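For clarity, every value in this text was computed on a predicted model and none was experimentally measured.
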Amino acid sequence: MPPSAHPTALRGPALTFTGDPFRDGLERTLVHEPDAIVAMQDGRITHFGPAARVAPLLPAETQIRDFGKDALISAGFIDTHVHFPQTTMIASHGAQLLDWLERYTFPAELKFADRAHTRRVARAFLQENLRNGITTSCVYCTVHAHSADILFEEAEALGLRLAAGKVLMDRNAPEALRDDVQTGYDDSLALIRKWHGRGRLLYAITPRFAGTSSPEQLAAAGALWRDHPDCLMQTHIAETQAEVAWIGELFPDRANYLDVYDHHGLCRGGAVFGHGIWLGDDELKRLHATDAAISHCPTSNFFLGSGMFDIARAKQADRPVRVGLGTDIGAGTSFSILQTLNEAYKAAQLNRHPLSAAHAYYLATRGSAAAMHLEDKVGSIAPGMEADLVVLGMRSTPLIAFRMDEARDFAEQLFIQMILGDDRAVQATYVAGRLVHER
């Protein structure tokens, strides 16, 4: 769907970031305008700033929608790690990671051999994203090449910026969910040629994880990425201690889990590693050195009992790692980014490193864009950026409204929203300047 050619604008309080507050501090990076205008045309932001300054600069025909003082305009939320086929199995009881894959994930993904089922789930998945203010995501499909084709078709129809890839998986999975080195490579290459860079779509080369890809398949994925270096690469790493031990048995010649991927050419800028809970210091140093990223998936980590990712350790000043936020549906328990931030706060608390609400909102927007190396396109509000926006209602439930009356400042308002808010807070979602969801 093409972006609107007509100038439009949103008015209300706004929040964005000009840099990384973990590195540079909130004082230098956080922008809060109590009464802002965000103007848009042809899919991009044309103006942003205090309403009194911006309004006289707009074309006379600009339609301004005023959301009022109890709203908050933000860059659209970004989900850096999610499995769209697992929308059908969210909230499945009683297993940890490796058993959970066998009991729930693989049976659910077998159903994606059916194209009609795939399209129905893809549509439901994307609509749920928009309902929760998610405008960009990095998505795992299934081993079936058509699962990526169909998701890209549906995302293109909505005008979304989205990265996705067909899963590569040639061992330790049901036969009907395995490809092989050559077919995995060929299918991925065909999808890259068809979809990567088409409109706002990106391809992510997607070995599920080292446990389900042979060394030969990982090497083929590395070769594919060398030939198409502007693609993303996504996989899982160090989600559970049992998984880390298993990978050590499968790859005894490698120094650590990350080295499995690094050895096969799968660790550099544009790599998004899901979870990373149990990474060692050497691995974090290597992620920093290569400019690769971790996707923090707290609702999933708590749900499966995998552990607590320590974001303060990952962002350590002498070797900070890019970190984004992931819902990890369907081990993750909510499409709501606000609820995901709620759980991220709890993980930080348990690691004895409090996470401020402002740092958390950075993770959900510009930080996640940086994890996907898209911070020059999405994740913040500024002229020239793509006009993907979410408008939150800051008093979306009676309890939140009651609590907001006691808030001392904007920081406390953000924190209340992060802890108590959910999908009901999302008033409107804009993609490339077009309204695509309204509560």
Side-chain angles (χ1 to χ4, degrees), residues 8-17 30-40 45 48 50-51 54 63-79 126-137 299 325 327 333-345 356-366 368 378-381 387-439:
T8 59
L10 312 182
R11 182 170 182 173
L15 169 68
T16 192
F17 297 88
L30 182 148
V31 177
H32 171 225
E33 292 289 353
D35 182 18
I37 285 179
V38 184
M40 308 169 286
I45 295 168
F48 169 61
V54 172
Q63 296 180 344
I64 302 175
R65 181 172 179 182
D66 191 340
F67 282 92
K69 64 182 179 59
D70 291 326
L72 183 66
I73 303 167
S74 166
F77 294 138
I78 298 173
D79 187 350
L126 293 174
Q127 288 304 316
E128 195 65 18
N129 273 267
L130 297 178
R131 203 172 65 79
N132 283 277
I134 298 169
T135 54
T136 293
S137 48
T299 73
L325 192 73
T327 63
T333 54
S334 179
F335 279 88
S336 171
I337 293 299
L338 296 174
Q339 284 298 293
T340 305
L341 293 178
N342 177 336
E343 299 300 308
Y345 174 77
S356 82
H359 285 85
Y361 280 80
Y362 164 79
L363 285 179
T365 54
R366 188 184 177 100
S368 285
V378 293
S380 55
I381 303 175
D388 291 350
L389 301 164
V390 60
V391 182
L392 301 177
M394 298 294 279
R395 305 171 74 91
S396 59
T397 71
L399 176 59
I400 293 174
F402 182 82
R403 182 66 181 86
M404 284 291 180
D405 288 339
E406 306 298 322
R408 293 165 295 182
D409 54 25
F410 180 62
E412 189 168 358
Q413 291 174 4
L414 281 182
F415 187 72
I416 293 166
Q417 183 75 278
M418 180 176 99
I419 299 301
L420 299 179
D422 54 28
D423 58 295
R424 290 170 292 181
V426 178
Q427 282 189 249
T429 305
Y430 290 80
V431 167
R434 289 181 299 101
L435 178 66
V436 292
H437 166 76
E438 185 170 19
R439 185 171 176 80

(message) Could you report the tightest heavy-atom contact between Ala75 and Ser380, atom names first, then the distance?
(response) CB-N, 3.5 Å

(request) Could you give me the CA-CA distance, side-chain angles and deciding distance for Leu72 and Leu414, then say whether side-chain contact (heavy atoms from CB on, under 4.5 Å) is met? (result) CA-CA 10 Å; Leu72 183 66; Leu414 281 182; 3.8 Å; yes

(request) Not counting sequence neighbours, which residues clear side chain to side chain donor-acceptor pair (under 3.5 Å) with Thr135? List them please. (result) none

(request) Find the distance between CD (Gln127) and CG (Asn132) and round it off to the nearest 0.5 Å. (result) 11.5 Å

(request) Please tell me if the side chains of Leu15 and Ile73 come closer than 4.5 Å, counting only heavy atoms from C-beta onward. (result) no

(request) Would you indicate whether the side-chain heavy atoms of Thr365 and Thr16 approach each other to under 4.5 Å? (result) no

(request) For residues Phe67 and Leu10, report the shortest heavy-atom separation together with the two atoms involved. (result) CE1-CD2, 3.9 Å

(message) Between Thr136 and Asp79, is there a side-chain heavy-atom distance shorter than 4.5 Å?
(response) no

(request) Measure across Leu435 and Ala428 and return the closest heavy-atom pair with its distance rounded to 0.1 Å. (result) CD1-CB, 3.8 Å

(message) Using every non-hydrogen atom in the two residues, find where Ala357 and Met418 come nearest and quote the distance to one decimal.
(response) CA-SD, 4.0 Å

(message) With a 4.5 Å cut-off on side-chain heavy atoms, are Met404 and Ile416 touching?
(response) yes

(request) Determine yes or no for a side-chain-to-main-chain donor-acceptor pair under 3.5 angstrom, with Asp388 supplying the side chain and Ala432 the backbone. (result) yes

(message) Quick one, Glu33 and Phe48 - any side-chain contact, counting heavy atoms below 4.5 Å?
(response) yes

(message) Could you check whether any side-chain heavy atom of Tyr345 comes within less than 4.5 Å of a side-chain heavy atom of Ile419, counting everything from C-beta outward?
(response) yes

(message) Classify the ring geometry of Tyr361 against Phe77: parallel below 30°, tilted from 30° to 60°, perpendicular beyond 60°.
(response) tilted

(message) Rounded to the nearest 0.5 Å, what separates atom OG in Ser368 from atom CG in Leu363?
(response) 6.5 Å

(request) Among residues two or more places apart or on two chains, list those pairs meeting side-chain hydrogen bond (donor to acceptor under 3.5 Å, both in side chains) that have a residue in residues 63-76. (result) Arg65-Glu438

(request) Nearest 0.5 Å please: distance from the NE2 atom of His359 over to the CG atom of Leu30. (result) 9.5 Å

(message) Salt bridge or not between Arg395 and Asp405? Use side-chain N to carboxylate O under 4.0 Å.
(response) yes

(message) Determine whether a donor-acceptor pair (N or O, by modelled atom type, separation under 3.5 Å) exists between the side chain of Thr299 and the backbone of Thr333.
(response) yes

(message) For a 4.5 angstrom cut-off between non-hydrogen side-chain atoms, does Thr327 reach Ser334?
(response) no

(request) Kindly indicate, with the supporting measurements, whether the criterion side chain to side chain donor-acceptor pair (under 3.5 Å) is fulfilled by Asp422 and Ser336. (result) CA-CA 6 Å; Asp422 54 28; Ser336 171; over 6 Å; no

(message) Do Gln417 and Ile400 make a side-chain contact, defined as non-hydrogen atoms from C-beta onward lying under 4.5 Å apart?
(response) yes

(request) Please name the pair of heavy atoms, one in His437 and one in Arg131, separated by the smallest distance, quoted to 0.1 Å. (result) CE1-CG, 3.5 Å

(request) Apply side-chain contact (heavy atoms from CB on, under 4.5 Å) to the pair Leu325 and Thr340, showing each step before the final yes or no. (result) CA-CA 8 Å; Leu325 192 73; Thr340 305; 3.8 Å; yes

(request) Report the C-alpha separation of Thr397 and Leu420 in whole Å, then their side-chain angles, then the decisive distance to 0.1 Å, and conclude whether the side-chain contact (heavy atoms from CB on, under 4.5 Å) test is met. (result) CA-CA 9 Å; Thr397 71; Leu420 299 179; 5.8 Å; no

(request) Tell me, with the steps shown, if Ile78 and Ser137 meet side-chain contact (heavy atoms from CB on, under 4.5 Å). (result) CA-CA 6 Å; Ile78 298 173; Ser137 48; over 6 Å; no

(message) Could you measure the distance from the OG atom of Ser396 to the CD atom of Gln427? Nearest 0.5 Å is fine.
(response) 8.5 Å

(request) State, to 0.1 Å, how close Ala364 and Ile337 come at their nearest heavy-atom pair, and which atoms those are. (result) CB-CG2, 3.5 Å

(message) Distance check, rounded to the nearest 0.5 Å: Leu130 atom CG versus Phe335 atom CZ?
(response) 11.0 Å

(message) When you measure from the side chain of Gln339 to the backbone of Gly421, do you find a donor-acceptor pair of N or O atoms at a distance under 3.5 Å?
(response) yes

